[in-house]
Amino acid sequence: MPAITRDEVAHLARLSRLALPPEELDTLASQLDVIISSVAKVQEVATSDIPPSSHALPLENVERVDEVQPGLNQEQALSGAPAVEDGRFRVPRILEEEA
Amino acid sequence: MSAAQLGRAIAAGEISAVDATRAYLARIGQVESDINAYLHVDAEGALEQARQVDEQRAAGAQMGPLAGVPVAHKDIFATKGVPTTAGSKILHGWVPPYDATVTARLRAAGMVILGKTNLDEFAMGSSTENSAFGPTRNPWDTTRIPGGSSGGSSAAVAAFAAPLATGTDTGGSIRQPAAVCGLVGGKPTYGSSSRYGLIAFASSLDTPGPFARDVLDAALLHEAFSGYDPRDSTSIDRPVPPVVQAAQRTDVSDLRIGVVRELGGEGYQAGVLQRFNETVALLESLGAKVVEVSCPSFDTALAAYYLIAPSEASSNLARFDAMRYGLRVGDDGTRSAEDVMSLTRAEGFGPEVKRRIILGTYALSSGYYDAYYGSAQQVRTLIKRDFDAAFEDVDVLISPSTPTTAFPIGERTDDPMAMYLADLCTIPTNLAGNAALSVPCGLAPEDNLPVGIQVMAPAMRDDRAYQVGGAIEAALRDTWGGDLLSRSPYAPA
């Protein structure tokens, strides 16, 4: 039985905001199946008494003085935007139009 | 001429920074059609920076050892005013309004930016075949890969089209390309070189580091950009280890060296193992005490890495949403932001990036999280414990840098698992965050291609790796009559 089905890949693609064509879903499903079968061996060695490490080094909270510092100006912040209007990012509509 | 020698010649007024820069720009013009190492060459900007260095020098300014020396940056570092793509269509044409800490520090050190080098898209890959802008070729054999993901940087230095280059190492993306191109490549201790302004792939693993033709040059570059950065919350606030000093020691008689049993043997190319074993014998002849060390969890490192890295990637790459920068596809006034986002990401990302986003989303999804991501994080603990135990007995660990020499372009593109094996030896270090260096140790007899030896040191003891690397290099230079790179078909006559 495959570890991952084509339908699951389609669901993951939706979650990931990737509009994938059907042929890409097929390729990915078979490749992910192989990859997931190989990486599944992490479960064999990970016994419950081992604490997880999310990071290589122990992380500490880093604080700085709450002072105003120069950042990007408006022109710089918008310089890479795909669409700009009135000094702002112009984005496609987010809410459905009211009926 | 090494970068250190070039820096001295510029300081002594024997050559101007402008002339040095012109020479490298001319060299890029000669080799680029064969190699495709650069995504963007900034000739005008480079000459302007060089002119400024020459002016400052003439005015009597005290400058560092690399002032006026050119450098190429992997195109994943933000460079103010210079296009930055991460090898992806989704960032094609983006010009950052700010500098990464690494690029800013090297500018401040007077280094001249030649341009931006090719890479696997978002640093995902081991061959530089995943670039949206075409593969880079290995100067030793242009039918083969230059390693990855920093393959443009390794090929640029190996083709003498840059004296030094920066890269990033997430699972081996500096050490593996350095090894297959016959260069020195370093992965500093995680957190000792800043990730600020680096386009993020896997934040707990990504580490900026140097490429160079020799160990001293690598140490000089390493020292020039490393050190605490308040803009990176994972930055370590401790002095940079004395890597430049260590690179020049060439003495290992005070060191205990462990050969990692799990990194060698079955699946490794015979010629790679042969050169590695010869180098182990060489280290013993230099007075080092060499012992075999077992790190049993390393066998599971690759699996843990290919869960952790994609998980972090799926989260980091969520920022490419077609709203604030980069590509936007399908915005015709009828589609919602979500649809535009999905169409843009499908169009803008290449196959490997999509594969890792989906894999990461799977590993982090409810129901699978504990089994995959959680278990992988536990393996990470085991790998750290293996390193800690080993470093109680030995000062450094060594292994081949890669299981094979450079493979032919196209050979592994349809088989992700075969591709992932290229990082077998390098990944444990990324998971544990310690330091490592790859140094050339000869050509494999069967294909005459470079082999690298990896030296792994404890966190913040990068100097030990440079000490061993420097000693190996000094001893082998005698037998080669110069650097290994002097045997490359691209070595200047």
Side-chain angles (χ1 to χ4, degrees), chain A residues 3-4 8-9 11-21 24 27-29 31-32 34-57 59-62 64 71-73 75-83 89-96, chain B residues 94-98 190-191 204-205 230 233-234 236 297 300 303-304 306-307 314 321-328 331 335-343 345-346 349 351 354-355 357-359 361-362 365 371-372 374-382 384 416-417 430-434 459:
Chain A
I4 186 161
E8 272 183 288
V9 175
H11 176 62
L12 292 165
R14 273 193 302 278
L15 290 176
S16 313
R17 303 286 184 266
L18 287 167
L20 298 184
E24 273 190 61
T27 316
L28 270 170
Q31 287 175 338
L32 286 171
V34 174
I35 296 170
I36 289 165
S37 313
S38 333
V39 298
K41 74 175 184 184
V42 293
Q43 295 166 47
E44 294 162 21
V45 290
T47 51
S48 58
D49 56 325
I50 304 161
S53 302
S54 63
H55 222 260
L57 305 164
L59 286 180
E60 292 165 28
N61 191 21
V62 180
R64 65 168 170 81
L72 299 180
N73 61 33
E75 192 192 337
Q76 289 170 326
L78 294 170
S79 65
F89 295 103
R90 191 180 67 72
V91 300
R93 68 185 161 80
I94 290 166
L95 302 172
E96 295 297 320
Chain B
W94 184 57
V95 180
Y98 66 104
Y190 177 84
S204 78
L205 306 164
S233 65
T234 55
I236 300 173
S297 303
T300 328
Y306 278 100
L307 287 163
S314 70
D321 56 8
M323 301 300 141
R324 291 151 298 139
Y325 42 75
L327 187 72
R328 183 183 287 181
D331 183 17
R335 291 195 177 92
S336 68
E338 188 180 322
D339 287 344
V340 169
M341 202 183 297
S342 299
L343 287 168
R345 287 162 60 83
F349 292 142
K354 289 176 187 168
R355 196 148 54 220
I357 289 175
I358 302 267
L359 178 59
T361 305
Y362 176 79
S365 60
Y372 292 111
S375 300
Q377 301 287 39
Q378 289 176 300
V379 169
R380 190 172 193 163
T381 304
L382 294 173
K384 285 170 68 173
M417 283 318 295
N430 295 87
L431 290 171
N434 50 316

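Computed from a predicted model, the values in this text were never measured in an experiment.
- Counting heavy-atom pairs closer than 4.5 Å to chain B, the top-ranked of the candidates A:S53, A:A83, A:A13, A:A56 is A:S53.
- A pairwise comparison of heavy atoms in B:S336 and A:P92 identifies C-CB, 4.0 Å as the closest pair.
- Your options are A:S38, A:S54, A:A40, and the one with the most heavy-atom pairs under 4.5 Å with chain B is A:S54.
- Heavy-atom neighbours of A:H11 NE2 from other residues, nucleotides or ligands within 6.0 Å: at or below the threshold of 12.
- For the residue pair B:S204 and B:R380, the shortest heavy atom distance occurs at OG-NH1, 3.0 Å.
- For chain B, the option among A:L20, A:V34, A:N61, A:I35 with the highest count of heavy-atom pairs below 4.5 Å is A:I35.
- Looking at A:Q31, the atoms closer than 4.5 Å to chain B (heavy atoms on both sides) all sit in the side chain, from C-beta outward.
- Highest contact tally toward chain A, considering only B:S314, B:G433, B:A371, is held by B:A371 [criterion: heavy-atom pairs under 4.5 Å].
- For the residue pair B:T361 and B:I357, the shortest heavy atom distance occurs at OG1-O, 2.7 Å.
- When B:P230, B:G326, B:S365 are compared by the number of non-hydrogen pairs under 4.5 Å with chain A, B:G326 comes out ahead.
- Heavy-atom minimum distance, B:M323 versus B:A337: CE-O, 3.8 Å.
- The backbone N or O of A:R17 lies less than 3.5 Å from a partner atom in the side chain of B:R345, making a donor-acceptor pair.
- Taking B:D331, B:D339, B:N430, B:L431 one by one and counting their heavy-atom pairs under 4.5 Å with chain A, the maximum is reached by B:D331.
- Proximity to chain B involves both the backbone and the side chain of A:I50, based on heavy atoms less than 4.5 angstrom apart.
- With a threshold of 4.5 angstrom between heavy atoms, A:V42 approaches chain B through its backbone and through its side chain.
- In this structure, the portion of A:L28 lying under 4.5 Å from any heavy atom of chain B is its side chain and not its backbone.
- The two atoms that bring A:I36 and B:L359 nearest to each other are CG1-CD1, 3.8 Å, heavy atoms only.
- For a residue to count as touching a neighbouring chain, one of its non-hydrogen atoms must lie under 4.5 Å from one of that chain's; by this rule A:L72 touches chain B with the side chain only.
- Between the side chain of B:T381 and the backbone N or O of A:P51, at least one donor-acceptor pair lies under 3.5 Å.
- Of the two parts of A:T27, neither the backbone nor the side chain holds a non-hydrogen atom closer than 4.5 Å to a non-hydrogen atom of chain B.
- When heavy atoms are compared at a cutoff of 4.5 Å, A:E24 approaches chain B solely by way of its side chain, counted from C-beta outward.
- Put simply, of B:Y362, B:Y306, B:W94, B:F349, the one with the most heavy-atom pairs under 4.5 Å next to chain A is B:Y362.
- Only the side chain of A:S79 comes within less than 4.5 Å of a heavy atom in chain B; its backbone stays farther off.
- Put simply, the side chain of B:Y190 does not reach to within 4.5 Å of the side chain of B:L205, judged on heavy atoms.
- Of the atoms belonging to A:S37, not a single heavy atom falls under 4.5 Å from chain B.
- When each of A:R14, A:R90, A:R64 is checked for heavy-atom pairs under 4.5 Å with chain B, A:R90 comes out on top.
- Not a single donor-acceptor pair under 3.5 Å links the side chain of A:K41 to the backbone N or O of B:T300.
- Taking 4.5 Å as the limit, every side-chain heavy atom of B:T234 sits out of range of all side-chain heavy atoms of A:L57.
- Here CD of B:Q377 is found 9.5 Å from CG of B:L307. Values are rounded to the nearest 0.5 Å.
- Both the backbone and the side chain of B:A304 come within less than 4.5 Å of a heavy atom of chain A.
- Among B:M341, B:R335, B:R328, B:M417, the residue with the largest count of heavy-atom pairs under 4.5 Å with chain A is B:R328.
- Ranking B:S342, B:S297, B:A346, B:A303 against chain A, the residue ahead of the rest is B:S342, based on heavy-atom pairs under 4.5 Å.
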